[in-house]
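Here the structure is laid out as structure tokens; the discussion comes afterwards.
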Amino acid sequence: MASRFNALKADAAWQKVWDESRTFSARDDSPKPKSYVLEMFPYPSGRIHMGHVRNYTMGDVLARFRRMQGMEVLHPMGWDAFGMPAENAAMEKKVHPGAWTRENIATMKAQLKRLGFALDWTRELATCEPDYYGHEQALFLDLLDAGLVYRKESAVNWDPVDLTVLANEQVIDGRGWRSGALIERRKLSQWFLKITQFADELLEGVQGLEHWPDKVKLMQENWIGKSEGLKFRFALDPNAGGTDQVEVFTTRPDTIFGSSFVAIAADHPIAQHLAAGNPEIAAFVEQCKLGGTTAAELETQEKLGWDTGLCATHPFDSEWKLPVYIANFVLMDYGTGAVFGVPAHDQRDFEFATKYALPIRRVVSDGDRADPAFHEDEAYTGPGTLVNSHFLDGMDVADAKRAVIVRAEEGGWGTGTTVWRLRDWGVSRQRYWGTPIPVIHCDSCGVVPAPRDSLPIVLPEDVTFDVPGNPLDRHPTWRDVDCPGCGGPGRRETDTLDTFVDSSWYFIRFASQPDDKPFDKSVAEQWLPVGQYIGGVEHAILHLLYARFWTRALRHMGKLDVAEPFAGLFTQGMVTHETYYRGEGTERVWYNPEDLDIAGNGATLKTDGAPVDIGRIEKMSKSKKNTVDPTGIVDQYGADAVRWFMLSDSPPERDLEWTENGIEGAWRFVQRLWRLFDQLAEQKDADGADVALDKKLHRTIAGVAEDVEALAFNKAVAKLYELTAAIEKASPSASRTNAIRALARIVAPMVPHLAEEAWALMGNDGLIADAPWPEVDPALLVDDEVTIAVQVNGKLRDTLVLPKGAAKDVAEAAALASENVQRALEGKAPRKVIVVPDRLVNIVA
RNA sequence: GCGGGCGUGGCGAAAUGGUAGACGCAGCGGACUCAAAAUCCGCCGGAGAGAUCCUUGUCGGUUCGAGUCCGACCGCCCGCACCA
């Protein structure tokens, strides 16, 4: 009598065995080929969610599969533990950010262990601990020594009521999330890393990333945004802006004869100078500063301009004067902070010119029209021939660009330049819960690096969050220190580092974690680059670019001989869920599905029984409260069923909507597998070969290996369903016994607890986790017969079974002999016959 | 606004330019059972009695042949530098 698989008992038992035998600890000195499998480490937000389960299950299957292929696998786990939510919790719940974070880590670690991931916990790290961030401070000083760090003024979101800096996320419709005050952009002196120094190599490096998704590579290239153009100076008249010229940058020098205005940023020095002497301009500049700092906000706000009364002289015609505007859509951070406007051939300029009644003049012909009058309702930005442009007339856009650059350089008023969309990385954060920036400010010595022997500079524990702002600013005993230069009174930097810095090198620290330095070069190089990195597509740009930069900066400093940190990248889809809410706008309250009774087409709140509104299906997030806690489900069905379900159905790169449908199916399949293993253990060995089953088995071994390598787990799962069904249907034979034994190993990476239990039950020694992946017999992968499709005029009319490799004329003759084909031809003679060997015959009549 | 992606049955999906819907979920019918659970067998895109026709967001194009390639459009999603 077959027993049922007791998942809860098996989970606990095998997790204990793996733990005690340190099965998954990676050995630096192993002679085996090394494989580094890494999933993006989690932020310890409280409890793990389904997105984590999905992410880590994928990595786990690959890690276990690589072990079975005979590799020494590094598969570590840690915590991206600094960040804002801990400070918010401190304000709301009166707990210390450190206590809150460490408690979350303990909870989440237990939850991850419960899923039986093949992780090397001996290398666990948390970025909020001094034994991590102290090394980060040392690396920051290295970058400082190498000249890759500098200070400059940069805008932040300033809440004038709470008197604090807000993150973009905390600015909602231009207002502070707590105070509701209108946010303004304010400049602060901040630390920057010179990522732009590596712009060229970061861009070129993208090409070599063969195992990255094309979409991510494209996004990185566009983000870095190399553009060739012309930087040139307009003479200004009158000299009222504090200077007699303004430098602009353009990627379209070809359109220079279509310009009708010059626009400068509100924080351009000329605008600042004018504002100082004119209250109206000062008011306009202030108005431009309202609102947040995000690109989306800046680019969608209403375009505003202020005519300064200054005139710019056209470089090719000293009689041609262009008005100079201060405009809120010009960014000081890109190019020179000033542009010339060509309304006919730039949509933003078109809208601006329409609003302020400026001339719109055609200089690029789209082929239909060449006259200067431009009456279209949007700018023409496509290719064409230059018109109304003096010496440029008749050239195409590319030639005209070159011609203008040549003239500008000859005339000495401009130079051809490369500019990057990429800006240097601002790493200063006016917050407590982050890595302290290891520098000291001194009135006499200026900014002085903290002495290396003072590292780690540890965050003070005795801080309060009862008032907004950075507690480090108001902590004199921590803040006030002697200047290492002159010994006089100094003040620690109270800004902390962006948490993206923490995540820019953790994968190196996983590979090597000595006490006395960030990492050991030769040990780290044994593991790096990460062979397969897996995480959410939301990190496709920033985190990945920063980590690539950090790695290149280390190479530049001679500290690590690795160019790219992640050889393979996979971006998984998000786990989504319906949302539930009441109320509108700022009054809206979100509800967690666990607090609701959800039936067919409605949902009610358990506490009051009244209905709630059902919102859209969205990414699971704390703010929308549409998260599902995996723990209850793991306790109910066992780790293997949850893992199996996470791998089934949805392709891993696509979003997965969590529904409770399907976990039942996964549970049933786990039991189905168990019955096969359990029955095999009871029955006597059978004799005889079953060639069809042998073929199915070997095709599955090969197919699953291919799918797992490609992280196409849903396809591997489908193949395993088919193999299981085939085994169940087969009569007892030596082939069948062999197939069941092999099946245990094929499913082992996905349902490891069940597989270990089966392995032991079938009388094997050791762990299945250490067993090799089954070998494929290539002879069993080929068929001697194939089914080919027969089409008439591209429509399927019949199928034929032919010997594999049948000659074209044999296939054609067989197709023409088909009754269905003759009927479809209606007596017409074939004009052409296309034969694709072993696939199809298409008869064109 | 800019950049990137996605769109196939009731649902999740599969398909080197070559038989659309493998596999799973849900559903329906049946077997076993006193009954239920579990399990097993069968059906399962739409229309039609059938031959057959229609069907991969919409429209157009390339091709002997398009879910797949190209163009335009519609819808949804992600990122936009201080969320992680």
Side-chain angles (χ1 to χ4, degrees), chain A residues 2 4 40 42-43 45 80 82-85 154 156-157 165-171 190 195 213-216 218-219 221-223 225 292-301 329 333 347-348 351 421-431 498-500 503 536-543 545-546 571 573-574 576 616-619 621-623 645 648-651 653-657 659 661-666 668-669 671-672 675 714-715 717-722 725 728 787-791 793-799 823 831-834 836 839-844:
Chain A
R4 280 170 78 79
M40 291 178 186
Y43 177 78
S45 54
D80 188 14
F82 275 138
M84 273 200 319
S154 176
V156 294
N157 300 305
V165 175
L166 298 183
N168 285 338
E169 189 191 47
Q170 298 170 313
V171 179
Q190 308 199 61
I195 188 170
D214 287 339
K215 64 170 176 178
V216 175
L218 194 57
M219 282 192 265
E221 287 172 347
N222 289 339
W223 185 264
T293 60
T294 70
E297 203 173 337
L298 293 172
E299 286 169 33
T300 53
Q301 67 191 352
F329 64 87
D333 289 331
Q347 187 59 24
R348 261 188 332 196
E351 287 167 29
R421 211 189 73 96
L422 181 68
R423 308 198 300 260
D424 276 334
W425 177 12
V427 293
S428 295
R429 297 291 181 273
Q430 295 70 40
R431 280 194 267 282
D498 180 5
T499 56
F500 274 125
S503 54
V537 70
E538 67 274 19
H539 293 293
I541 297 175
L542 291 180
H543 161 61
L545 191 64
Y546 291 145
T571 54
M574 293 173 302
T576 59
R616 305 195 316 190
I617 296 164
E618 294 196 55
K619 172 186 176 178
S621 71
K622 289 197 103 180
S623 61
F645 177 57
S648 310
D649 294 348
S650 265
E653 69 278 9
R654 217 179 283 184
D655 287 355
L656 169 71
E657 190 198 345
T659 64
N661 285 347
I663 183 70
E664 284 280 351
R668 281 199 297 270
F669 183 69
Q671 293 300 339
R672 249 171 96 188
R675 278 194 297 277
N714 56 324
K715 293 190 225 170
V717 162
K719 290 185 174 80
L720 285 164
Y721 273 118
E722 288 190 50
E728 285 168 342
T787 305
I788 68 166
V790 180
Q791 299 179 335
N793 292 329
K795 293 201 171 193
L796 182 72
R797 294 299 170 188
D798 205 352
T799 59
R823 181 154 16 94
R831 282 193 291 126
K832 190 175 173 186
V833 179
I834 287 139
V836 182
R839 289 231 67 126
L840 67 53
V841 178
N842 186 17
I843 297 158
V844 185

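To find a chain, count down the sequence lines: A is the first, B the second, and so on, and within it residues start at 1. What you see is a predicted model; the values in this text were computed from it and never measured. Only this structure's heavy atoms are used, side chains among them; waters, hydrogens and symmetry mates stay out.
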Table of protein N/O atoms under 3.5 Å from nucleotides 6-8 of chain B N/O atoms:
unit_1, atom_1, unit_2, atom_2, d
B:G7, OP1, A:Arg654, NH2, 3.4

With sequence neighbours left out, write down each residue that passes side chain to side chain donor-acceptor pair (under 3.5 Å) with A:Asn168, or none if nothing qualifies. A:Asn157, A:Thr293
For A:Arg823, all residues meeting salt bridge (Lys or Arg N to Asp or Glu O under 4.0 Å), sequence neighbours excluded: none
Canonical and wobble pairing (Watson-Crick, G-U, under 3.5 Å) of RNA chain B, dot-bracket with |: (((((((..(((.....[....))).(((((.......))))).(((....)))..(((((..]....))))))))))))....
Quick one: list whatever passes side chain to side chain donor-acceptor pair (under 3.5 Å) with A:Glu221, sequence neighbours left out. A:Gln207
What residues, two or more places apart in sequence or in another chain, satisfy salt bridge (Lys or Arg N to Asp or Glu O under 4.0 Å) together with A:Glu728? A:Arg672
Can you pull every protein N or O that's under 3.5 Å from an N or O on nucleotides 48-55 of chain B?
unit_1, atom_1, unit_2, atom_2, d
B:U52, OP1, A:Arg823, NH1, 3.1
B:C53, OP1, A:Arg797, NH1, 3.4
B:C53, OP1, A:Arg797, NH2, 3.3
B:C53, OP2, A:Arg797, NH1, 3.4
B:C54, OP2, A:Lys795, NZ, 3.2

Just to verify, what does A:Arg429 make a side chain to side chain donor-acceptor pair (under 3.5 Å) with, not counting sequence neighbours? A:Asp498
Provide a list of protein-nucleic acid N or O atom pairs under 3.5 angstrom, restricted to nucleotides 17-19 of chain B.
unit_1, atom_1, unit_2, atom_2, d
B:G18, O2', A:Arg839, NE, 3.3
B:G18, N2, A:Gln791, OE1, 3.4
B:G18, N2, A:Asn842, ND2, 3.4

Quick one: list whatever passes salt bridge (Lys or Arg N to Asp or Glu O under 4.0 Å) with A:Glu653, sequence neighbours left out. none
For a quick check of understanding: with a heavy-atom distance under 4.0 Å over all strands, which category does A:Trp223 fall into, base, sugar-phosphate or nothing? base
Those residues that, when tested against A:Glu351, pass salt bridge (Lys or Arg N to Asp or Glu O under 4.0 Å) (two or more places apart): A:Lys303
A:Lys715: what forms a side chain to side chain donor-acceptor pair (under 3.5 Å) with it, not counting sequence neighbours? none
